[in-house]
Trainee: 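I'd like to ask some things about the structure below.
First the proteins, then the strands, lettered A, B, ... as listed; each starts at 1.
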Number of protein chains: 2
Amino acid sequence: MDSLTEENYIKSIYALSLATGEVFVSELAKKLNIKQPSVNSMMKRLATKKVVAYAPYKGIRLTEKGKKEALSIIRRHRLAELFLVKVMELGWEEVHDIAEQLEHVDSKRFYSRMDEMLHFPKFDPHGEPIPDSNGKIYTQKRTSLSDLAEGLTATIAAVGEDEKSFLDHLNAKGLQIGDAVTLKKREPFDGSVTLQHKSKKEILLTHQVAERIWVEVTFTRS
Amino acid sequence: MDSLTEENYIKSIYALSLATGEVFVSELAKKLNIKQPSVNSMMKRLATKKVVAYAPYKGIRLTEKGKKEALSIIRRHRLAELFLVKVMELGWEEVHDIAEQLEHVDSKRFYSRMDEMLHFPKFDPHGEPIPDSNGKIYTQKRTSLSDLAEGLTATIAAVGEDEKSFLDHLNAKGLQIGDAVTLKKREPFDGSVTLQHKSKKEILLTHQVAERIWVEVTFTRS
DNA sequence: TTAAAAAGTTAGACTATTCTAACAAATTAA
DNA sequence: TTAATTTGTTAGAATAGTCTAACTTTTTAA
């Protein structure tokens with residue numbers, strides 16, 4: 001097991017190395033508000049633990065093991081944020097610091113219950129993906145249904161709102177997460193969209209509803 | 001601010017010194033699974049911080065400041081337990097270890113929201129009192145309504161269940177927290193009780209309901 | 001009432017984190 | 001391409017918590 005401190009290092013390394021695959025001691029030190037020599041010795045420790053690959057004067061990279069751990073922490077953080085907002089009705093602005101603490105709670109049950117209560121969300125309301133319990137991230141490109149081009153077919157991946165009334169509305173329309181829909185027509189006037197659904201029925205959604213639905217394009221026009 | 005470790009010491013000192021007002025190094029060491037010399041040096045530190053009063057070879061006592069801190073930790077722990085059970089629907093047996101971690105979360109909002117969501121509970125379902133945010137504990141002697149002697153008048157202080165259906169039932173009977181009731185008669189056969197209510201009406205409750213209502217005796221027969 | 005037993009204390013050591021000071025390597029810019 | 005700048009590393013120290021070994025006080029009980 002990693003200490004709370006180690007977890008924070010791992011999380012930051014993941015975030016900072018996302019783009020290029022590596023981070024430098026100086027960047028990490030700045031991000032964590034810690035002096036370079038401290039980062040340096042922590043890297044030696046994490047290297048011993050096989051969490052990072054680290055050679056002196058070279059960049060820091062997470063190993064597979066390290067990535068897995070990072071994703072697990074990120075999952076806990078994002079689930080916690082979503083939980084605090086959706087279930088506890090706290091404001092987005094006040095939620096980050098609390099999630100920063102909750103992410104270190106060691107209890108599978110605690111997180112699996114959150115997951116259940118939130119209906120296994122794939123994204124947090126910022127649109128950031130929540131890794132699943134195997135560390136798998138939904139990487140497919142998502143678009144809001146309100147931006148999908150006419151004629152394209154896409155799968156409903158997630159909804160931006162988890163409120164019962166919204167879900168009820170989708171239900172009433174016969175839509176569910178996982179359903180494939182084809183965008184038949186978008187009204188230029190009000191942005192409402194007409195969908196072709198697997199049920200063969202045509203479904204009309206207002207712009208307000210469409211923009212809260214995230215889809216993944218599965219087929220393009222050939 | 002106290003460290004997580006210090007908070008754990010304070011909580012244990014409070015619990016162990018409740019009866020006599022003091023704890024001994026050996027007891028504390030056993031409770032925390034820590035060796036005596038470690039406890040000894042921590043006591044020196046907490047004494048410097050004015051959290052405990054401690055003289056070598058004498059017992060350990062919390063100062064007023066220390067008691068306040070202990071009550072705040074206990075409040076957080078009990079709120080968290082209740083929250084995990086009532087809101088997150090986890091089982092009582094699996095909740096303690098998680099609450100043990102949540103109690104150290106530093107966020108007033110987090111706890112005040114729990115408090116609100118739980119309707120400002122005065123007791124956890126074990127019947128243990130939850131200190132309020134000023135550290136005040138509801139010390140009055142409580143009895144279950146199912147144990148109240150015939151003829152006594154008492155005030156409804158809390159209910160052991162927070163489920164909507166239970167609260168609805170009480171509502172339908174015209175009972176609310178804070179109401180004074182006099183126990184008119186208890187049926188020996190099924191334990192159901194007849195109450196005299198301030199509304200002048202007589203109310204009949206089954207044993208099942210009565211045992212979930214906590215009351216404080218306000219008047220005794222003279 | 002004195003000798004075990006129990007309880008408490010000191011001293012010294014070790015790990016996890018962090019820091020400052022001083023030096024070394026790599027990069028950048030003139 | 002060398003000198004300045006940036007980046008990284010080592011060495012040594014500090015704090016929080018804990019431990020073991022070796023006493024010292026108190027208590028308990030014969």
Trainee: How close or far is atom P of C/dT17 from atom CG of A/Asn8, stated in whole angstroms?
Mentor: 10 Å
Trainee: Out of D/dT18, C/dG8, C/dT20, which nucleotide sits closest to the side chain of B/Gln36?
Mentor: C/dG8
Trainee: Need one value for A/Ser41: base, sugar-phosphate or nothing, where a base atom within 4.0 Å counts as base even if backbone is also close, heavy atoms only.
Mentor: base
Trainee: Nearest to the side chain of B/Asn40 - C/dT9, D/dT10, C/dT18?
Mentor: C/dT9
Trainee: Report the distance from atom CD of B/Glu6 to atom P of D/dT15, rounded to the nearest whole Å.
Mentor: 15 Å
Trainee: CE of A/Met42 versus C1' of D/dG8: gap in Å, rounded?
Mentor: 17 Å
Trainee: Side chain of A/Tyr9, heavy atoms from C-beta onward: which of C/dT17, D/dT9, C/dT18 has the nearest atom to it?
Mentor: C/dT18
Trainee: Give the rounded distance in Å between these two atoms: CG of B/Leu46 and C1' of D/dA16.
Mentor: 12 Å
Trainee: Select one nucleotide: of D/dT20, C/dT17, C/dC19, the one nearest the side-chain heavy atoms of B/Lys35.
Mentor: D/dT20
Trainee: Both B/Lys44 and A/Asn33 contact DNA chain C. Which one's nearest nucleotide lies toward the 5' end?
Mentor: B/Lys44
Trainee: I need the NZ-P distance between A/Lys30 and D/dG8, as an integer number of Å.
Mentor: 11 Å
Trainee: Quick one: B/Lys31 NZ to C/dA7 C1', roughly how many Å, whole number?
Mentor: 20 Å
Trainee: For B/Glu94, look at atom CD and say whether over 12 heavy atoms of other residues, nucleotides or ligands are found less than 6.0 Å away.
Mentor: yes
Trainee: Before accepting this row, confirm whether a basic side-chain N of the pair A/Glu27/A/Lys30 lies closer than 4.0 Å to the acidic partner's carboxylate O.
Mentor: no
Trainee: For the NZ atom on B/Lys50, are there more than 12 heavy atoms of other groups (residues, nucleotides or ligands in this structure) within a distance under 6.0 Å?
Mentor: no
Trainee: Between C/dT18 atom C1' and A/Leu4 atom CG, what is the distance in whole Å?
Mentor: 15 Å
Trainee: With the side chain of A/Thr5 defined as its heavy atoms from C-beta on, choose the nearest nucleotide among D/dT20, C/dG8, C/dT17.
Mentor: C/dT17
Trainee: Does a donor on one side chain sit under 3.5 Å from an acceptor on the other, for B/Ser72 and B/Arg76?
Mentor: yes
Trainee: For DNA chain C, determine which residues of residues 54-62 of chain B have any heavy atom closer than 4.0 angstrom to one of its atoms, and list them numerically.
Mentor: B/Tyr54, B/Pro56, B/Tyr57
Trainee: Separation of A/Leu28 atom CG from D/dT9 atom P, in whole Å?
Mentor: 12 Å
Trainee: Side chain of A/Arg45: nearest nucleotide among D/dT18, C/dA16, D/dT7?
Mentor: C/dA16
Trainee: A quick test of your reading: do over 12 heavy atoms of other residues, nucleotides or ligands sit less than 6.0 Å from NZ of A/Lys49?
Mentor: yes
Trainee: Ignoring backbone atoms, test whether A/Ser26 places a side-chain nitrogen or oxygen under 4.0 Å from the OP1 or OP2 oxygen of D/dT6.
Mentor: no
Trainee: Pick base, sugar-phosphate or nothing for A/Ser38, based on heavy-atom distances below 4.0 Å to the nucleic acid.
Mentor: base
Trainee: With a sphere of 6.0 Å drawn around CD of A/Glu116, does it hold more than 12 non-hydrogen atoms of other residues, nucleotides or ligands?
Mentor: yes
Trainee: Among B/Val193, B/Ile213, B/Leu183, find the one that has a side-chain contact (heavy atoms from CB on, under 4.5 Å) with B/Leu148.
Mentor: B/Leu183
